[in-house]
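Read the structure below first, then the notes.
Along the sequence shown, residues are numbered consecutively beginning with 1.
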Amino acid sequence: MISPFRAAAHFAVLVPLVFAAPVMGQAKKKPASSAAAAKTDSGPWLYRGSDVPQDKAWIFGELPNGLRYAVRNNGVPPGQVSIRVRVDAGSMNETESERGYAHFLEHLVFRQSKYIGDAQAIPTWQRLGATFGSDTNAETTPIATTYKIDLPEASASGLDESFKLLSGMMIYPTLSDANIKADLPIVLAEKRERGGTDERIDKMMRETVYTGQLLATRSPIGTEETLTAATQDSVRAFHKRWYRPENTVVVVAGDGTPEQFAALIAKWFSDWPVSGARMPTPSFGDPIAPRDAIKADGAPVGEVKVAVEPDLPRSFSWAVLRPWRPVNDTVAYNQGLMVDRLAREIINRRLEARARAGGSYLAAGIEQQDVLRSVDGTFVTVTPLGPDWKTAVRDVRAVIADALKTAPTQEEIDREVAEMRVGYTAFSEQRTLQASSALGDEIVGALDIREAVADPAAILTIFDGARPQFTPANVLAHTRSQFKGAVTRGVYITPAIGEADETALRTALAEPVTGDAGSRLAYKPIDFKSLPAIGAAGKGTVVATGIPEISQVDFANGVKALIKPSEVEPGRVTVKVRFGGGYRAFGPNDQANAAMADLALVGSGIGPLGQEDLDRITTGRKMGFDFAIDDADFVFTANTRREDLADQLYLFAAKLAMPRWDPNPVLRAKAAMKLRADAYASSPRGVLERDLKWIEHDRDPRYRAPTPAELDAATPEGFRKLWEPILSMGPVEVQVYGDVDLAQTTAALERSFGALTPRTALPAEKAAAPYRVPAGSDQPVVLTHHGDARQSAAMVYWPTGGGTAGLRESRQLRILSEVFSNRLLDRLREKLGASYSPQVYSTWPTEFPSGGSILALGMLEPGQLKTFYATADEIAADLIANPPTDDELARVTEPLRQQIARASTGSSYFMLMLEGATQRPELFGSLRSLMIDSTVTTPQAMQALAAKYLVKQRSWRLAVLPQGQTLASVGASPASGGAPATR
């Protein structure tokens, strides 16, 4: 049964997901019960062997040829139909000589088939309104290949055509030598772009953790040797063996009737011939301890590995592995999983509390996963603060050892149960908001783990029925079961040679440890009623916005709020608070303290509440507190619900009115940033993440990433000195959209944001600072990375504009950029195979009169940089000289129209479009013209825009090259040679 899971802790992003599998949130397997199966073996195919209440919205069926399907009506978003075709064949179905074939076949199926001409899949789906990459896509995992089509505004004819196309792709793909030759460079480009450090770590992890199993050697991307050796005969043999109706499930959810969907499936897939006997799925193997495994509590310690990666932070991960076995997905089984999860949540909270207090590790956590029908594992990941990894591992193991020895308190259990229940409740309340695409993916996920699905209300009922099992003794038993297994395996990643060896790793995992009872948290309930008031409540004044469903409320202190009640979003409320001046508020030497805010500002507390207190006061509540920095303002965001809204607003307002300055979150953020500083240089994408904003803003020092020396010099006192005045700055805009009552929301705003003291203004010299943009040049700015010598990135920027007066032009520029993107994709991917996914974006800041751009980006081999720049220049020059065709525009404007139509059904659309509207009220009026501005144009208008903005002399370029290489050495023209930018 698929269940909702609470989001990971904020610092979890710092821990490498070294054991992550393509299918997440999977359930632990236990032996199937034949008695339970006997009672439930005659129902819908997904529920055979299960007594989980059937989700009656889904209709299940089977065709005579063995193909199974699941169909349902769903109106979110209106008009869309989502189709999933899942073939039970992935990389673990390959022989040694076929490695990479399952994924290669995914590409070839899109290349050409019975009803789709050569390289016509992308334009064909675009004409139906589906955007390539987001609405039309596919993925191959070690166990399956899934084709995904999200068809907006699906008409009867469009649906029929889509099923026709999909049937041809599955049953009759044109697997010719010519198509293999055409698609091979694309697949190899994808392999190259995913290569480098990440690929190396993934390979080492798989080979160590899954030793002796197929998963150890069956990465979906395959090997260059097997891919280049592929022929039409060998690929056709793989297709014939595995692409069979009895291996296929078609899932359809959307704005139509189940009967309509079932009829289309029968019409186009019933004639799929069954040829020969079905090939049995190969054995994926079991985890088995080696002969020299060291005896240890729970599971013997087997294979371990030390990986030296100079650019990566230290990370020690280990797994207690058990054989995967299918189960009967019963209510009792799922309730047992809920107790398992409860046990892990208690340990994870203890681990997090110990990290917050300072110590040997930055972050640590445990999780259980069923990985690709290969293992049922309990995974532990630790990020040491320094080279003393042994102490970090021992400290984490001590917390776990205490949980294995002594039962938790009932107070600890009750706290986690309250947290879990709010997640299940929110999932149930918001089920009607779930998009058709997510519903289709849910069925695919159930197929991956061979389990059923349940209505969220049924899941909540099952959870409530498990409450008698949430006892200290039972939680202790479930904790112990999760740390027993056939073998324990682990990997230590370190930047330093000689810091560890395999003997030391095995000893660290096997030696006895004393339980750390001090990691247990005392229960101290906190109530919002005990907190100090923000101030005297301020009366709000309603101001017309010109949009009937949106109300603006202004307060005498300068705060302005936008409220949009929605009756179609039950249980969902989104709150966004924008304040201050964003990057404009920083000085030229504030890099370290500015960058640490993402991890430290919220954690440093409010008023009398530290980070642990904030966790306690929000227990059992749906509340959040995310923070971000934009060019023009700072942003708090949260997803909440009506009953928690008033307290959510209080937390946000209290952060501005009475900030607390605990030092530990700052010190922890500082340590985190130092650990990951070198990792940015391990790939072109990492370098862009670190430096792109800085380069885009013409090396404005406020956007530069801090150096290690600057981080070393940062202190909690310096952090407070920067941020305390920033938190007192205005203007303040609050957006509250969703399932709210206007009067209640206004009253809550009056007690929170209306009670703030008047905000100070951003200093005039900072407010008036120009938005810096690099000057045009054909000499690229060059950055370097330390990763794979085959990886590089190339960009071309054409400056455009900004401000609200040019909003219509900015929307027309998006059309132009999409035309450009299609051409770039066709040239670099489909024809040259030089880049897997080149893209073109258009940006247009409404807060500034300049700063917008059209950006072309490609990930390539270094030797292809000259090709990229030349191609981008040629496309730009042609758009200036010749208008695009009507078909090109239709392939862009129809998907854009349908994207906007879908997005406008949710509150998040209005929230995004009206950010800053209380300061720039012209945004209200421009909302009405968004659809026309974004979808109605002419070839001549596009040509005029190209002539205005796509001028080579105004453009500037950027390249990210492997260290030691130059533009001249990789074949760039002499005019393109540029000195590397220094860090």
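At distances below 3.5 Å, at least one donor-acceptor pair connects side-chain atoms of Tyr361 with backbone N or O atoms of Leu351. Side-chain atoms of Thr378 do not come within 3.5 Å of backbone N or O of Phe483 as any donor-acceptor pair. Formation of a donor-acceptor pair under 3.5 Å by the Asp395 side chain with backbone atoms of Ala392 is not found in this model. Put simply, the side chain of Arg829 never gets that close to the backbone of Pro838: no donor and acceptor are under 3.5 Å apart. Of the possible polar contacts, one joining the Thr871 side chain to the Thr867 backbone as a donor-acceptor pair under 3.5 Å is found. A donor-acceptor pair under 3.5 Å is absent between the side-chain atoms of Glu303 and the main chain of Thr208, judged by distance alone. A distance-only check finds a donor-acceptor pair linking the side chain of Lys670 to the backbone of Ala714 [under 3.5 Å]. Looking only at distances, no side-chain donor or acceptor of Gln369 sits under 3.5 Å from a matching main-chain atom of Phe379. In this structure, the side chain of Ser835 engages the main chain of Met859 through a donor-acceptor pair within 3.5 Å. Checked by atom type and distance alone, the side chain of Thr784 never pairs as donor or acceptor with a backbone atom of Leu961 at under 3.5 Å.
Applying the salt bridge (Lys or Arg N to Asp or Glu O under 4.0 Å) test to every pair with at least one member in residues 497-511, sequence neighbours left out, gives these pairs: Asp292-Arg506, Arg314-Glu499. Within the structure, every pair that satisfies the salt bridge (Lys or Arg N to Asp or Glu O under 4.0 Å) test and touches residues 677-689, not counting sequence neighbours, is listed here: Glu193-Arg685.
Listed by chain and residue number, Trp956 satisfy the ring pair (Phe, Tyr, Trp, His ring centres under 6.0 Å) test with Tyr797 (two or more places apart in sequence, or in another chain). Considering only residues two or more places apart in sequence or on other chains, Lys191 meets the side-chain hydrogen bond (donor to acceptor under 3.5 Å, both in side chains) condition with Glu199. Among residues two or more places apart in sequence or in another chain, the side-chain hydrogen bond (donor to acceptor under 3.5 Å, both in side chains) test is passed with His785 by none. Scored by the salt bridge (charged side-chain N to carboxylate O under 4.0 Å, His left out) test, Asp311 finds no partners at all (sequence neighbours excluded).
Closest of all the heavy-atom pairs between Gln965 and Pro862 is OE1-CB, 3.4 Å. Closest approach of Ser683 to Gln791, counting heavy atoms only: CB-OE1, 4.3 Å. Counting all heavy atoms, side chain and backbone alike, Glu710 lies closest to Ala705 at OE1-O, 4.4 Å. The two atoms that bring Val796 and Ala872 nearest to each other are CG2-CB, 4.2 Å, heavy atoms only. When all heavy atoms of Arg373 and Asp448 are compared, the pair lying nearest together is NE-O, 3.1 Å. Minimum interatomic distance between Gly485 and Val320 (heavy atoms only, all atoms of both residues): N-CG1, 3.8 Å.
Two residues are said to be in side-chain contact when any heavy atoms from C-beta on lie closer than 4.5 Å; Ser792 and Leu865 meet this criterion. Between Leu692 and Met795, the closest side-chain pair of non-hydrogen atoms falls below 4.5 Å. Here the side chains of His239 and Leu108 are not in contact, with every heavy-atom distance at 4.5 Å or above. Annotation: side chain of Met92 is in contact with side chain of Ser374 (closest heavy-atom distance under 4.5 Å). No side-chain heavy atom of Val782 sits less than 4.5 Å from a side-chain heavy atom of Thr966. Residues Leu372 and Trp324 fail the side-chain proximity criterion, which asks for heavy atoms closer than 4.5 Å. Contact annotation: the side chain of Arg394 approaches that of Thr391 to within less than 4.5 Å [non-hydrogen atoms, C-beta and beyond]. Counting only heavy atoms from C-beta outward, the side chains of Pro220 and Pro142 approach each other to under 4.5 Å.
Surrounding CG of Asp712 are more than 12 heavy atoms belonging to other residues, nucleotides or ligands, all under 6.0 Å away.
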Steps toward salt bridge (Lys or Arg N to Asp or Glu O under 4.0 Å) verdict (Lys148, Asp441): CA-CA 9 Å; Lys148 303 181 177 184; Asp441 291 339; 3.7 Å; yes

Intermediate values then yes/no, side chain to side chain contact (heavy atoms under 4.5 Å, CB included), Ile186 and Arg111: CA-CA 11 Å; Ile186 300 173; Arg111 164 65 61 175; 3.6 Å; yes

Worked check of side chain to side chain contact (heavy atoms under 4.5 Å, CB included) between Val371 and Phe284: CA-CA 11 Å; Val371 181; Phe284 297 162; over 6 Å; no

Verdict with reasoning, Leu958 to Leu688, per side chain to side chain contact (heavy atoms under 4.5 Å, CB included): CA-CA 10 Å; Leu958 183 145; Leu688 293 175; 3.8 Å; yes

Derivation and outcome, side chain to side chain contact (heavy atoms under 4.5 Å, CB included), residues Val304 and Tyr492: CA-CA 8 Å; Val304 294; Tyr492 178 49; over 6 Å; no

Pair Arg200-Glu309, salt bridge (Lys or Arg N to Asp or Glu O under 4.0 Å): steps then yes or no: CA-CA 10 Å; Arg200 195 161 55 246; Glu309 291 289 344; 2.7 Å; yes

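Here the CZ-CD1 distance, from Arg218 to Ile143, works out to 15.0 Å after rounding to the nearest 0.5 Å. Separating the OG1 atom in Thr231 from the CG atom in Asp177 is a distance of 6.0 Å, to the nearest 0.5 Å. Taking CG of Leu188 as the reference point, atom CD of Glu861 lies at 9.0 Å (rounded to 0.5 Å). Between the CZ atom in Arg344 and the CD atom in Gln482 there is a gap of 5.0 Å [rounded to 0.5 Å]. Here the CD atom belonging to Glu190 is positioned 3.5 Å from the OH atom belonging to Tyr836, to the nearest 0.5 angstrom. The line from OG1 of Thr146 to CD of Glu106 is 9.0 Å long, rounded to the nearest 0.5 Å.
Ring geometry for Tyr147 against Tyr243 counts as perpendicular: the plane angle is over 60°, on a 0 to 90° scale with 30° as the lower cut. Ring pair Phe238/Tyr101 is perpendicular by interplanar angle, where above 60° counts as perpendicular and below 30° as parallel.
Cation-pi check for Arg489 over Trp318 is not met; the charged atom does not lie both under 6.0 angstrom from the ring centroid and within 45 degrees of its normal.
Ion pairing of Asp297 with Arg397 is absent here, as no side-chain N (NZ or NE/NH1/NH2) approaches a carboxylate O to less than 4.0 Å.
Donor-acceptor pairing under 3.5 Å is recorded for the side chains of Gln368 and Asp376. Between the side chains of Ser219 and Arg99, no donor-acceptor pair of N or O atoms lies under 3.5 Å.
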